[in-house]
Amino acid sequence: MSTQQKSHQDENKLIQARKEKAQQFLKQGIPIYPNKFRKKHDIKPILEQYQTLSHEELEELDRVFIVAGRIMALRSFGKITFFHIQDHSGKIQVFAQKNILGTEKYNIFKKFDVGDIVGVKGPLFKTKTGELTIKAEDIELVTKSLRPLPEKYHGLKDVELRYRQRYVDLIVNPKVKEIFIKRSKIVRFIRSFLDERGFLEVETPMMQPIPGGATARPFITHHNALDMQLYLRIAPELYLKRLLVGGFERVYEINRNFRNEGISTQHNPEFTMLEFYMAYADFTILMELTEELFSSLAKAICGSMKIPYGEHEIDLTPPWEKLSFYESLEKIGNLSPAEYQDYEKAKALVKKLGEKVVEGEKLGKIQAKLFDLLVEPKLIQPHFIYHYPTEISPLSRRNEENPDITDRFELFISGREMANAFSELNDPFDQRQRFLEQVKEKEAGDEEAHFMDEDYIRALEYGMPPAGGEGIGIDRLVMLLTNSPSIREVILFPLLRPTG
RNA sequence: GGGCCGUUAACUCAGUAGGUAGAGUAUCUGCCUUUUAAGCAGAGAGUCGCAGGUUCGAAUCCUGCACGGCCCA
């Protein structure tokens, strides 16, 4: 269906009427999309500064305010009208009176609709009910709105419409706006947290010839001029570590990753990730840094280290619980070493729990599935799970005492993975072996297995200082700090199938 | 991929043991100079998601499809 047909189809009488009204304005010489009005004041500061003043004090103030915003509610009484206008900062009531504006202006104003953007000039006063209000001496149309807004009391509830037309959601649901303001504050907090500690923010490729740094299916694209296949990145990790080789000792990047996988309340194909790398540090130092980051973030954003999430209260006060991967299988998963160390028994158990086991899958991977099924959902309060099997950690440094496990941890809160960190593997011999293992798995049919990256090996051969590195899912963090049940509530435009 | 649920006016929602499609908000008209989910009186507004089927008759029952939500994988 063409755009034109489509736009014709979703016309309705209300839109028709507004279009006709707009034509009437034009005929009267009233521009419907002028760009001449210059507002001087934001609404929120006006409310904050003058809310407490008395009637008399406001009268003595003798100040004219020039504000602009969208008409949100209109209560008309014939010769007077009350309405609210909403700008980016807040909402204030405006009082329009025929005697003050004059008949001509008042009659034009009376034709304005809820949703129109208007500019208002006038002094402040307080109504009988004590609401701080602007007494309009002038009102002009700044932008005509052609579509009716959702119902004023219930707002826009239809989840699908809210995501497809987020602009409407943002106009009518103040809580949605708050989430995205918080999201911005969270990201800004993280940046200054890292900047203060000497980290350098960098940007590395989103389009990569070899996708690396995570086990995930990539999106594939093609560059015409170079006639080459490119992948949207699944992680920035290998590029950031090349920068450690290059001599930057503390780097971070906050940006989008893309994974060609399913969509759920916790997964969007593109999502935002923080990754940071710290030379001359290891995973234990990162645990402390993570505790510090999360707890100070909660305090700054939510005002407390104890925050509500769903039916739980999450306590982010450090220090957090720490359990090794195998300890967690035993203590939280209630498994015995005999159950999770025996390949056949572990495999049978995974199948019994309803998860598939791919032929030839290694024990580490099966243990990870047991963890996902039996442990992860129970980790409501913050838990560091550390010492993951080497088989499932191809970029992590081996533990000095036991080469079958790595100096790696993941952080879980509210039953979800929030961070993944490790002492980085900087031994090019070992890294090559690990890549070769991955390539074998890829050849055996595991689409998520890592690619061999010869240039990355070459970089390690120049020498990468020992380092700790960590990735934190920003969307999930925002979900946690805004008490949002779905990742779509914290992504402005989540991916949806297009309609018709 | 599987299961369950949803889709009715611009928005929020009712609805029928199968029998002419409803309310509130919004819109339009009229009255109204301190309202704030303003009020009062009146009017207009719907391919009941789409396509088939059963039936004298389907928004309602059946099948398929689309989109979405939740849960599982």
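Letters A, B, ... mirror the listed sequences (proteins, then strands); counts begin at 1.
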Mind checking side-chain hydrogen bond (donor to acceptor under 3.5 Å, both in side chains) for [X] and listing every partner two or more places apart, or none if nothing turns up?
X      : value
A/K157 : none
A/D372 : none
A/K365 : A/D446

Ring geometry between A/Y388 and A/F325 (parallel below 30°, tilted from 30 to 60°, perpendicular above 60°):
tilted
In the 5'-to-3' direction, what one-character label does each nucleotide of nucleotides 68-73 of chain B receive under the scheme B = base within less than 4.0 Å of a protein heavy atom, S = sugar-phosphate only, - = no such atom?
SSSS-S
For A/K322, give me all partners under salt bridge (charged side-chain N to carboxylate O under 4.0 Å, His left out), at least two apart in sequence or on another chain.
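Checked A/K322 against salt bridge (charged side-chain N to carboxylate O under 4.0 Å, His left out); matches are A/E291.
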Under the rule for ring pair (Phe, Tyr, Trp, His ring centres under 6.0 Å), what residues qualify as partners of A/F409, not counting sequence neighbours?
A/F384
Under the side-chain contact (heavy atoms from CB on, under 4.5 Å) rule, collect the residues that match up with A/E160, sequence neighbours excluded.
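Only A/D158, A/R164, A/T499 meet the side-chain contact (heavy atoms from CB on, under 4.5 Å) criterion with A/E160.
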All N/O pairs under 3.5 Å across the protein-nucleotides 38-41 of chain B interface:
unit_1 : atom_1 : unit_2 : atom_2 : d
B/A38  : OP1    : A/K152 : NZ     : 2.0
B/A38  : N6     : A/S76  : O      : 3.0

So which pairs with a foot in residues 88-99 of chain A pass side-chain hydrogen bond (donor to acceptor under 3.5 Å, both in side chains), sequence neighbours left out?
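Found A/D42-A/H88, A/R75-A/Q93, A/D87-A/S89, A/Q93-A/T133.
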Please collect all side-chain hydrogen bond (donor to acceptor under 3.5 Å, both in side chains) contacts where either partner lies in residues 333-350 of chain A, sequence neighbours excluded, each pair once.
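For residues 333-350 of chain A, and leaving out neighbouring residues, the side-chain hydrogen bond (donor to acceptor under 3.5 Å, both in side chains) pairs sorted by first residue read A/E330-A/Y340, A/S336-A/E339.
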Between A/Q229 and A/Y231, does any side-chain donor sit less than 3.5 Å from a side-chain acceptor?
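Distance-only check passes for A/Q229 and A/Y231.
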Counting the atoms with a prime plus P, OP1 and OP2 as sugar-phosphate, which does A/K157 contact under 4.0 Å by heavy atoms, base, sugar-phosphate, or nothing?
sugar-phosphate
Members of residues 88-120 of chain A that approach RNA chain B, where some heavy atom sits under 4.0 Å away
A/Q93, A/Q97, A/N99
Dot-bracket for RNA chain B, 5' to 3', Watson-Crick and G-U pairs with both distances under 3.5 Å, [ ] for crossing pairs, | for partner on another strand, reads (((((((..((((.....[..)))).(((((.......))))).....(((((..]....)))))))))))).
